[in-house]
Amino acid sequence: MRNVILSGLNLIVGLLNEDDRIKTIFSANEDEIDFNKKDLYPISNVRVDSNDFNSNDVTFEVTIIDQRDTNKRAITNKLNGNDNRWDNWSLSYDVLRSIINKIDRLQNDDNISFVSSSNPVLIDNAFSNGLDGYSVLITLNFPNNLC
């Protein structure tokens with residue numbers, strides 16, 4: 001019998017490891033993300049958000065962020081601006097969408113099932129390094145034999 005939290009964490013981290021766009025994976029508090037400013041981007045952070053002992057659901061917060069690069073040249077395209085924020089948001093959204101789709105179609109020996117995901121929350125020029133991306137809550141259900 002495996003612990004449901006570790007089973008869920010391993011499932012999500014395994015999918016993140018399969019995506020070659022993600023360079024660093026954390027399981028840290030917000031104040032620990034990119035603390036040393038030496039991480040390889042894009043980065044992902046996975047944390048437990050909540051547990052429901054009655055339904056055997058565990059909700060994970062999955063965040064994908066990338067560093068904003070600002071161009072010092074004059075801006076000719078006012079829509080896109082002088083940085084890569086749209087690229088960061090697009091990549092983050094695509095990685096999260098891919099993970100959710102894979103978990104939703106998942107067939108596994110532990111019978112872990114996808115319950116739901118929240119709407120993505122936009123991250124805009126956040127943390128000490130100016131990071132952009134998205135965060136989403138993913139709820140998984142674990143059968144009684146894993147609990």
Side-chain angles (χ1 to χ4, degrees), residues 1-71 79-147:
M1 181 179 351
R2 297 180 67 194
N3 180 290
V4 296
I5 293 175
L6 291 177
S7 295
L9 179 68
N10 288 333
L11 171 66
I12 293 169
V13 168
L15 293 172
L16 289 166
N17 274 324
E18 290 175 6
D19 194 317
D20 59 358
R21 296 171 292 185
I22 300 300
K23 304 301 180 202
T24 306
I25 300 172
F26 286 100
S27 183
N29 294 322
E30 286 184 4
D31 61 343
E32 298 172 307
I33 295 176
D34 197 37
F35 180 72
N36 294 322
K37 301 180 184 179
K38 296 179 182 176
D39 299 310
L40 297 176
Y41 294 96
I43 63 177
S44 176
N45 191 48
V46 182
R47 299 187 311 170
V48 173
D49 182 70
S50 65
N51 301 296
D52 186 331
F53 291 123
N54 295 316
S55 66
N56 296 331
D57 289 349
V58 178
T59 301
F60 295 88
E61 177 190 64
V62 183
T63 303
I64 310 292
I65 47 183
D66 201 350
Q67 190 170 33
R68 183 177 291 188
D69 296 323
T70 303
N71 190 340
L79 174 65
N80 291 329
N82 66 336
D83 55 43
N84 64 334
R85 71 182 79 187
W86 287 102
D87 295 328
N88 294 346
W89 291 327
S90 296
L91 176 132
S92 300
Y93 184 88
D94 189 48
V95 170
L96 289 170
R97 183 77 252 162
S98 175
I99 289 171
I100 290 167
N101 287 341
K102 287 177 182 178
I103 292 173
D104 190 28
R105 295 187 310 262
L106 183 67
Q107 301 284 328
N108 61 76
D109 294 336
D110 292 331
N111 292 320
I112 299 169
S113 60
F114 174 76
V115 175
S116 65
S117 63
S118 68
N119 289 327
V121 174
L122 182 77
I123 299 169
D124 182 12
N125 204 22
F127 306 104
S128 60
N129 279 350
L131 305 176
D132 302 309
Y134 278 104
S135 184
V136 70
L137 298 177
I138 299 173
T139 302
L140 304 175
N141 179 263
F142 298 85
N144 283 330
N145 64 340
L146 286 182
C147 298

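The figures that follow rest on heavy atoms only: side chains count, while hydrogens, waters and symmetry mates do not. Position 1 is the first residue of the sequence, and the numbers go up from there.
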**OP:** To the nearest 0.5 angstrom, please state how far the CD1 atom of I123 sits from the CD1 atom of I65.
**Re:** 5.5 Å
**OP:** Find the distance between CG (L11) and CZ (F142) and round it off to the nearest 0.5 Å.
**Re:** 7.5 Å
Subject >> Sub-4.5 Å side-chain heavy-atom contact between P42 and N88 >> reply: no
Original post:
Are any non-hydrogen side-chain atoms of D19 and I99 less than 4.5 angstrom apart?
Top reply: no
Original post:
Where the side chain of S27 meets the backbone of V46, is there a donor-acceptor pair that is under 3.5 Å apart?
Top reply: yes
**OP:** Using atom types as modelled and distance alone, determine if a side-chain donor or acceptor of D132 lies under 3.5 Å from a backbone N or O of W89.
**Re:** no
**OP:** Heavy atoms only: give me the nearest V48-F60 pair and the separation to one decimal.
**Re:** CG2-CE2, 3.8 Å
**OP:** Using modelled atom types only, decide if a donor and an acceptor are shared between the side chain of D69 and the backbone of N84 within a distance under 3.5 Å.
**Re:** no
**OP:** Could you tell me whether the side chain of S90 and the main chain of W86 form a donor-acceptor pair under 3.5 Å?
**Re:** yes
Original post:
S44 side chain to T63 main-chain N or O, any donor-acceptor pair under 3.5 Å?
Top reply: yes
**OP:** Start with the C-alpha distance between R68 and D124, add both sets of side-chain angles, then the distance that settles side chain to side chain contact (heavy atoms under 4.5 Å, CB included), and finish with yes or no.
**Re:** CA-CA 9 Å; R68 183 177 291 188; D124 182 12; 2.6 Å; yes
Subject >> Gap between atom CZ of R47 and atom CG of N29 - 0.5 Å precision >> reply: 5.5 Å
Original post:
Can you tell me how far CG of L15 sits from CG of L96, rounded to the nearest 0.5 angstrom?
Top reply: 11.5 Å
Original post:
Roughly how far, to the nearest 0.5 Å, is the OH atom of Y41 from the CG atom of L91?
Top reply: 14.0 Å
Subject >> Side-chain H-bond candidate by donor/acceptor type, R97 with N101, under 3.5 Å >> reply: yes
**OP:** Nearest 0.5 Å please: distance from the CG atom of D104 over to the CD1 atom of I100.
**Re:** 9.0 Å
**OP:** Test L16 against I12 for side chain to side chain contact (heavy atoms under 4.5 Å, CB included), laying out the working first.
**Re:** CA-CA 6 Å; L16 289 166; I12 293 169; 4.1 Å; yes
Subject >> Residue pair V58 / L140, side-chain heavy-atom distance below 4.5 Å >> reply: no
Original post:
Distance-only, no hydrogens or angles: does the S92 side chain make a donor-acceptor pair with backbone N or O of I64 under 3.5 Å?
Top reply: yes
Subject >> Heavy-atom closest pair, residues L131 and Q67 >> reply: CD2-CA, 3.5 Å
**OP:** May I ask you to decide if L40's main-chain N or O and T24's side chain share a donor-acceptor pair within less than 3.5 Å?
**Re:** yes
Subject >> Criterion side chain to side chain contact (heavy atoms under 4.5 Å, CB included) on L106 and F114, from CA distance to verdict >> reply: CA-CA 8 Å; L106 183 67; F114 174 76; over 6 Å; no
Original post:
Are the side chain of D52 and the backbone N or O of S55 linked by a donor-acceptor pair below 3.5 Å?
Top reply: yes
Original post:
Nearest heavy-atom pair of N45 and F26: which atoms, and what distance?
Top reply: OD1-CB, 3.1 Å
**OP:** Evaluate the side chain to side chain contact (heavy atoms under 4.5 Å, CB included) criterion for residues L122 and Y134: first the C-alpha distance (whole Å), next the side-chain angles of each, then the deciding distance (0.1 Å), finally the verdict.
**Re:** CA-CA 5 Å; L122 182 77; Y134 278 104; 3.7 Å; yes
